[in-house]
Amino acid sequence: MITGILKEIKTEEYRVSMTPAGVEIMKDNGHTLLVEKNAGVGSGFDDKAYVAAGAEIVRTAKEIYHRSDMVMHVKEPQPSEYDLIRKDQIVFTFFHLAANEALTRAMIKSKSIDIAYETIQRADGSLPLLIPMSEVAGRMAIQEGAKYLEMEYGGEGVLLGGVPGVEPATVLVIGAGTVGTQAARMACGLGARVYLIDSCLHRLRYLNDVMPQNCFTLISSPATIRRLIREADLVVGSVLIPGAKAPKLVTRDMLKTMKKGAVLVDVAIDQGGCFETSRVTTHKDPVYTIDGIIHYCVGNMPGAVAKTSTLALTNSTLPYAVEISNKGWKKAMKENLEIRKGANVINGQVTFKGVADAFGLKLASVDKLL
């Protein structure tokens, strides 16, 4: 199979979907790798490294799309790419379709085979390709939140860990999945008082045993959020319904009860955000203020630490890319339920329920299409 590694063109996205080491493994499996010129520069991998690994450097995205059986991105295809995607071409990337109707309809129109990193799912319910980026984003949420609490950025001037004789900041983390757990762990390590809330009591029991003593686990409810948000200096939104839009758990009215200069970090923004007042921002212009509350809603947080993120992502995506290339998408989906769950759109038909529900589209059965 011919696989094309595209250069990311989303604003301030520096990651690349495969490292030179990944290219070498794909080559060893008998496949041809095309890498768009300078695709890896932002992550510290120059074209020479890809050539040494056995890739061919291609000058334009148009040629990559024209020649490749499968194309790989990190972020979703951008509008300038929609018309380049061919019928039956495999597109393997983060899609987050339920939050983007225009992209969804473009993929339907293209009749391509769209396999989303974020919905590949193991039997235990875990999301192996989302986990590494969630680990990065969760840790970054505290790093960025702590920064924007500084007076220079309009924050209330609170140090997360406090100092002897001065109480620490209060951090509220909504959602105890991978993002929330990593965020809570980082905030605890800095000495904050951390409330980690979730609707799954089983998950909270586990975290109560393994998290530091300054992390307090609570069952999530509207009443709990309303109470804790008044105390919070930093709120991290990390709820996830795989492949579907995030629920709005923090309302505009709640903002009016918060401390002025408090910070909201919405890590769920790729799926539409879990704060009513969230809108996508960029690394260049990351924050805005509503009712005196600072909002950080960058849609590609891990892109700011591209080298770490690229290495972590390739570690996870490569086995799936190899299997899809070795078997073809149909056989790979028949034999691997994890890959089958990654199918979002196949030949113009929506095959993932969260996407169909988001836009009132007909849901097709993956099994029947196979």
Side-chain angles (χ1 to χ4, degrees), residues 131-198 200 203-220 224-240 249-250 254-255 257-268 274-275 283 286-287 289 292-298 301-302 304-305 308-309 312:
I131 285 172
M133 296 302 93
S134 295
E135 290 170 336
V136 172
R139 296 180 182 204
M140 281 190 68
I142 300 304
Q143 184 173 299
E144 297 300 318
K147 179 172 73 177
Y148 287 103
L149 278 171
E150 295 176 16
M151 300 288 290
E152 180 182 354
Y153 301 105
E156 57 176 314
V158 172
L159 185 66
L160 282 189
V163 292
V166 178
E167 65 182 0
T170 296
V171 176
L172 170 60
V173 180
I174 304 173
T178 301
V179 170
T181 301
Q182 294 296 324
R185 195 181 300 278
M186 285 288 286
C188 286
L190 290 171
R193 178 189 296 110
V194 180
Y195 292 96
L196 178 58
I197 69 174
D198 197 275
C200 178
R203 175 68 176 170
L204 294 180
R205 281 200 178 102
Y206 165 73
L207 291 172
N208 195 64
D209 287 339
V210 301
M211 294 296 282
Q213 292 299 305
N214 54 329
C215 181
F216 304 94
T217 58
L218 294 171
I219 280 288
S220 179
T224 299
I225 294 173
R226 286 195 301 269
R227 176 173 65 85
L228 292 177
I229 208 162
R230 292 195 296 266
E231 306 171 22
D233 302 290
L234 170 60
V235 181
V236 176
S238 59
V239 296
L240 173 69
L249 299 181
V250 174
M254 290 180 189
L255 265 60
T257 71
M258 295 180 68
K259 302 173 185 177
K260 301 304 179 187
V263 176
L264 299 177
V265 177
D266 196 341
V267 189
C274 60
F275 306 144
H283 290 292
V287 297
T289 301
I293 309 303
I294 298 169
H295 293 58
Y296 179 99
C297 306
V298 175
M301 290 175 66
V305 285
T308 296
S309 297

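Taking CG of Leu218 as the reference point, atom CG of Leu204 lies at 8.0 Å (rounded to 0.5 Å). Rounding to the nearest 0.5 angstrom, the gap separating the CD atom in Gln143 from the CG atom in Leu160 is 11.5 Å. Taking CE from Met258 and CG from Leu172, the interatomic distance works out to 8.0 Å, rounded to the nearest 0.5 Å. Taking CG from Leu207 and CG from Asp198, the interatomic distance works out to 8.0 Å, rounded to the nearest 0.5 Å. Between the SG atom of Cys200 and the CD1 atom of Ile219 there is a distance of 7.5 Å, given to the nearest 0.5 Å. Once rounded to the nearest 0.5 Å, the distance linking CZ of Arg227 with OG1 of Thr257 reads 12.5 Å.
Looking at every heavy atom in both residues, Ser309 comes nearest to Pro302 through OG-O, 2.8 Å. Minimum heavy-atom separation, Asp266 to Cys274: OD2-N, 2.9 Å. When all heavy atoms of Asn214 and Ala192 are compared, the pair lying nearest together is ND2-O, 2.8 Å. The minimum heavy-atom distance linking Met301 with Ala141 is given by the pair CE-N, 3.6 Å. Minimum interatomic distance between Ile294 and Gly261 (heavy atoms only, all atoms of both residues): CD1-O, 4.3 Å. Between Leu234 and Gly145 the shortest heavy-atom distance is CD1-CA, 3.8 Å.
Side-chain contact check for Leu240 versus Val179: every heavy-atom pair is 4.5 Å or farther apart.
The backbone N or O of Val267 sits nowhere less than 3.5 Å from a side-chain atom of Ser238 that would complete a donor-acceptor pair.
Annotation: ring pair (Phe, Tyr, Trp, His ring centres under 6.0 Å) contacts of Tyr195 (sequence neighbours excluded): Phe216. Residues satisfying the salt bridge (charged side-chain N to carboxylate O under 4.0 Å, His left out) test with Lys259, not counting sequence neighbours, are Asp233. Looking at residues two or more places apart in sequence or on another chain, you find a side-chain contact (heavy atoms from CB on, under 4.5 Å) between Leu159 and Val163.
Under the ring pair (Phe, Tyr, Trp, His ring centres under 6.0 Å) criterion, no residue pair touches residues 156-178, with sequence neighbours excluded. For residues 168-190, the side-chain hydrogen bond (donor to acceptor under 3.5 Å, both in side chains) pairs, not counting sequence neighbours, are Arg139-Gln182, Thr170-Arg193, Thr181-Arg203.
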Atom pairs and distances, side-chain donor-acceptor, residues 148-158, under 3.5 Å, sequence neighbours left out:
none

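None of Leu264, Leu249, Ile225 except one satisfies the side chain to side chain contact (heavy atoms under 4.5 Å, CB included) rule with Met254; the exception is Ile225.
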CA sep, side-chain torsions, deciding dist, call: Ile131, Glu135, side chain to side chain contact (heavy atoms under 4.5 Å, CB included): CA-CA 6 Å; Ile131 285 172; Glu135 290 170 336; 3.6 Å; yes
Intermediate values then yes/no, side chain to side chain contact (heavy atoms under 4.5 Å, CB included), Val305 and Val136: CA-CA 8 Å; Val305 285; Val136 172; 3.6 Å; yes
